[in-house]
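Everything on this sheet refers to the single structure shown next.
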Amino acid sequence: MHLPFLGPRHKKNGDAALTAGSEAFSSDPEALAALLSECELLRSQAERAGVRLDGSPASLEALDQMAPRWRDDPETLPGLGHDAGLYLGTVVVRTVPGAGWRIRPDGEPVVRLASGRAVEVVPAGQEWAACGVPELSQLYAEIAET
């Protein structure tokens, strides 16, 4: 994930910039959660389909039921998958005790569970957007029970 507010990523100082940005968010996890929950493209698609994204597990089930019209648009598919992963992570962080966002050193957001397990939600969202499986609600159920 490219976080433009962290500054430009150059070969010389890119890792230092990401580390500094990650450290800034570790002191304000609510700001990180708010940023990662935006998911504008997914929200736009969901709104057009009459699906309300309220941060609940039920909203993941509603997303799973949407007709996947985005699969016909190769420009929309990657962004929508990314947003779907972030939205899955948002629901986990809001509803699973002890879960929280972390930014890996490479800049990718992951959900860290109370057990210490890190869940890479973005690749899961991309798979869901591309093929529909695994379903977001199924992924949530698997994550929530650990």
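Each residue takes its place number in the sequence, starting with 1.
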Nearest atoms (heavy-atom pairs only) where [X] meets [Y]:
X      : Y      : value
Ala129 : Gly81  : CB-CA, 3.5 Å
Asp83  : Cys39  : OD2-C, 3.2 Å
Val91  : Ser56  : CG1-C, 3.8 Å
Ala114 : Pro97  : CB-O, 4.0 Å
His82  : Val122 : CD2-CG1, 3.3 Å
Leu41  : Gly79  : CD2-C, 3.6 Å

Note to self: I need the full list of salt bridge (Lys or Arg N to Asp or Glu O under 4.0 Å) pairs touching residues 56-79, with sequence neighbours left out, sorted by first then second residue.
What the structure shows: none
Notebook entry, point to check: Can you pull the salt bridge (Lys or Arg N to Asp or Glu O under 4.0 Å) pairs that have at least one residue in residues 113-124, sequence neighbours excluded?
Noted result: Arg104-Glu120
Next item on the list: Please identify each residue that fulfils ring-ring contact (aromatic ring centres under 6.0 Å, His included) with Trp101, with sequence neighbours left out.
Entry: none
Is any side-chain heavy atom of [X] less than 4.5 Å from a side-chain heavy atom of [Y]?
X      : Y      : value
Leu88  : Tyr140 : yes
Arg102 : Val111 : no
Arg94  : Ser37  : yes

Item checked: Pair Val51-Glu47, side-chain contact (heavy atoms from CB on, under 4.5 Å): steps then yes or no -> CA-CA 5 Å; Val51 173; Glu47 185 177 315; over 6 Å; no
How many angstroms lie between [atom1] in [X] and [atom2] in [Y], if you round to the nearest 0.5 Å?
X      : Y      : atom1 : atom2 : value
Leu63  : Leu42  : CG    : CG    : 5.0 Å
Glu40  : Leu80  : CD    : CG    : 13.0 Å
Leu136 : Trp128 : CG    : CH2   : 5.0 Å

Once side-chain hydrogen bond (donor to acceptor under 3.5 Å, both in side chains) is applied, do any residues pair with [X], and if so which ones, sequence neighbours excluded?
X      : value
Arg52  : Asp54
Glu127 : none
Ser59  : Tyr87

Notebook entry, point to check: Is a side-chain donor-acceptor pair under 3.5 Å present for Arg48 with Ser44?
Noted result: yes
Notebook entry, point to check: Under a 4.5 Å side-chain heavy-atom rule over Ile, Leu, Val, Met, Phe, Trp and Tyr, are Val92 and Val110 clustered together?
Noted result: no
Next item on the list: Tell me, with the steps shown, if Glu38 and Leu86 meet side-chain contact (heavy atoms from CB on, under 4.5 Å).
Entry: CA-CA 8 Å; Glu38 288 181 5; Leu86 293 179; over 6 Å; no
Check: How about Gln138: does its CD atom have over 12 heavy atoms from other parts shown lying under 6.0 Å from it?
Finding: yes
